[in-house]
J.: 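Supplied in structure tokens, the structure appears directly below.
When a residue number appears, it is its place in the shown sequence, counting from 1.
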Amino acid sequence: MKKYFFAIALFLISTIVFVSCAPSVVTVRPAAVVYTRPPAPSPRHVWVSGNYVWRGGRYVWQEGYWATPRGGRVWVDGHWQPRRGGYAWVPGHWRR
């Protein structure tokens with residue numbers, strides 16, 4: 001009996017983890033966010049644009065911020081990528 005309970009529990013946990021990590025696809029992209037970028041704190045700072053985050057079954061916008069790049073990295077903005085059945089957000093990231 002314990003073997004079956006353990007197997008079922010393992011299956012349920014792995015299913016929850018897999019579903020939560022799956023890329024989230026929407027049929028309609030959210031409207032473009034319009035905001036005013038605050039002035040840079042210094043000439044060294046780079047604007048890190050905002051990103052969409054999948055939360056509560058939908059994409060939620062997170063504001064951008066100023067950051068100092070490290071090791072000659074460059075910020076690449078996030079973008080919507082067509083997927084089967086809709087679009088998925090590809091988050092921005094630092095690139096060497």
J.: Do Val76 and Val53 land in one hydrophobic cluster if side-chain heavy atoms of ILVMFWY residues count as linked below 4.5 Å?
T.: no
J.: Do the rings of Trp80 and Tyr59 sit parallel, tilted or perpendicular, given the 30° and 60° boundaries?
T.: perpendicular
J.: Which value, rounded to the nearest 0.5 Å, describes the distance between Gln81 atom CD and Arg29 atom CZ?
T.: 11.5 Å
J.: So how far is it from Ser49 OG to Glu63 CD, rounded to the nearest 0.5 Å?
T.: 11.0 Å
J.: So that I know where these two stand, are Trp47 and Tyr65 an aromatic pair - ring centroids less than 6.0 Å apart?
T.: no
J.: Hey, what do you get for NE2 (His79) to OH (Tyr52), rounding to the nearest 0.5 Å?
T.: 14.0 Å
J.: Write down the atom of Arg44, the atom of Pro69, and the distance for their closest heavy-atom approach.
T.: O-CD, 3.5 Å
J.: So Val48 and Trp94, do their side chains get closer than 4.5 Å, heavy atoms only?
T.: yes
J.: If hydrophobic clusters are built from ILVMFWY residues whose side chains come within less than 4.5 Å, do Val60 and Tyr35 share one?
T.: no
J.: Taking atom NE2 of His93 and atom CG of Asn51, what is their separation to the nearest 0.5 Å?
T.: 10.5 Å
J.: Under a 4.5 Å cut-off applied to non-hydrogen side-chain atoms, are Pro30 and Trp61 in contact?
T.: no
J.: Keeping Trp54 on the side-chain end and Trp89 on the backbone end, is there a donor-acceptor pair under 3.5 Å?
T.: no
J.: What are the two closest non-hydrogen atoms of Val25 and Arg84, and how far apart are they?
T.: CG1-O, 3.9 Å
J.: Kindly write out the residues that satisfy ring pair (Phe, Tyr, Trp, His ring centres under 6.0 Å) with Tyr87, not counting sequence neighbours, or none if the list is empty.
T.: none
J.: Measuring from Trp75:CH2 to Arg95:CZ, what's the distance to the nearest 0.5 Å?
T.: 11.5 Å
